[in-house]
Amino acid sequence: MWFTDPITPWEIGRITPAGGVTEFPAPSGPWSIVKGPDLNMWFTEGGSSTEAGLGCITPTGQIALHPEPTTGGNPDGITVQGGSIWFAELNADKLGRLSPVVCGATSAPLAPILSGLSETAKTWREGNAPAHVSRKSKKKTPPLGTT
């Protein structure tokens with residue numbers, strides 16, 4: 001299991017099933033973390049710092065950063081859908097996507113793809129049914145963008 005520690009000293013760590021803990025230093029405050037389609041761990045990084053953006057960490061502890069697409073956007077919240085990394089820029093009111101997902105490709109800029117989240121959310125609510133569990137099939141259908 002992987003975790004982030006956004007309090008100084010900033011770290012990203014993992015806990016083995018036997019309870020062993022390994023921590024790796026992070027450039028600034030890491031927040032949310034998720035396993036990417038490339039099997040590396042991806043995290044949001046440093047809301048107001050110059051290192052803000054998305055980061056990835058390999059199983060051996062190598063870290064690479066992708067700068068945030070909107071200066072001061074404060075990336076937080078991250079998920080994997082359809083082979084892409086999706087994230088929110090809280091201060092910019094935008095969603096972003098990283099695709100293709102390549103850990104270490106720091107030259108690939110992140111791009112906000114949606115802006116005006118309140119209008120986007122309204123359109124989504126009006127055009128899509130909420131998640132439900134069918135009593136017949138017991139198949140859970142999550143809404144787009146949930147974790």
Side-chain angles (χ1 to χ4, degrees), residues 1-131 139-147:
M1 178 174 68
W2 287 80
F3 62 92
T4 62
D5 183 359
I7 308 299
T8 305
W10 304 302
E11 296 174 318
I12 298 171
R14 67 174 175 234
I15 303 172
T16 67
V21 176
T22 305
E23 295 181 313
F24 304 95
S28 64
W31 291 100
S32 305
I33 191 163
V34 67
K35 187 174 189 177
D38 61 350
L39 304 182
N40 293 302
M41 299 304 295
W42 286 82
F43 56 94
T44 56
E45 176 76 16
S48 62
S49 75
T50 57
E51 292 89 11
L54 294 187
C56 59
I57 184 167
T58 67
T60 60
Q62 299 295 104
I63 293 178
L65 298 175
H66 295 264
E68 65 185 336
T70 307
T71 301
N74 191 15
D76 189 18
I78 188 169
T79 189
V80 175
Q81 293 288 326
S84 297
I85 303 284
W86 290 81
F87 60 96
E89 288 191 293
L90 299 179
N91 294 346
D93 200 24
K94 296 178 182 179
L95 290 178
R97 178 180 65 159
L98 176 64
S99 184
V101 175
V102 180
C103 188
T106 55
S107 61
L110 301 172
I113 62 164
L114 297 174
S115 60
L117 291 183
S118 58
E119 183 59 32
T120 302
K122 178 182 175 201
T123 302
W124 183 87
R125 280 193 308 272
E126 291 172 356
N128 295 285
K139 180 180 177 186
K140 186 175 181 180
T141 308
L144 177 65
T146 60
T147 58

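Heads up: numbering here begins at 1 and tracks the sequence.
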Give me the atom names and distance for the closest heavy-atom approach of His66 to Leu98.
NE2-CD2, 4.1 Å
Quick one, Pro37 and Ile85 - any side-chain contact, counting heavy atoms below 4.5 Å?
yes
Does the Asn91 side chain pair with the main chain of Asn74, one donor and one acceptor, at a distance under 3.5 Å?
no
For residues Pro25 and Ile63, report the shortest heavy-atom separation together with the two atoms involved.
O-CD1, 3.3 Å
Rounded to the nearest 0.5 Å, what separates atom OG1 in Thr58 from atom CG in Asp38?
10.0 Å
Any side-chain heavy-atom pair of Gln62 and Phe24 under 4.5 Å:
no
Can you measure from CD1 (Ile57) to CG (Leu65) and round to the nearest 0.5 angstrom?
10.5 Å
How about Pro6 and Phe43: do any of their side-chain heavy atoms sit closer than 4.5 Å?
no
Just by distance, do the side chain of Glu45 and the backbone of Gly55 share a donor-acceptor pair under 3.5 Å?
no
Give me the atom names and distance for the closest heavy-atom approach of Cys103 to Asn40.
CB-ND2, 3.4 Å
What heavy-atom pair brings Ser28 and Trp10 nearest, and what distance separates the two atoms?
CA-CE3, 3.2 Å
For the pair Trp42 and Val101, evaluate side chain to side chain contact (heavy atoms under 4.5 Å, CB included) and give the outcome as yes or no after the intermediate values.
CA-CA 10 Å; Trp42 286 82; Val101 175; 3.5 Å; yes
CE (Met1) and CE (Met41) are apart, to the nearest 0.5 Å, by 10.5 Å
Do you know the tightest heavy-atom contact between Glu23 and Glu11?
OE1-OE1, 3.1 Å
Does Trp31 offer a backbone N or O that forms a donor-acceptor pair with the side chain of Thr4 under 3.5 Å?
yes
Are Val21 and Phe3 packed together at the side-chain level, in the sense that at least one heavy-atom pair is separated by less than 4.5 angstrom?
yes
So which heavy atom on Thr70 is nearest to which on Ala92, and how close?
CG2-CB, 3.8 Å
Check: Thr44 side chain, Ser32 main-chain N or O, donor-acceptor pair, under 3.5 Å
yes
Is there a donor-acceptor pair under 3.5 Å between the side chain of Gln81 and the backbone N or O of Trp86?
no
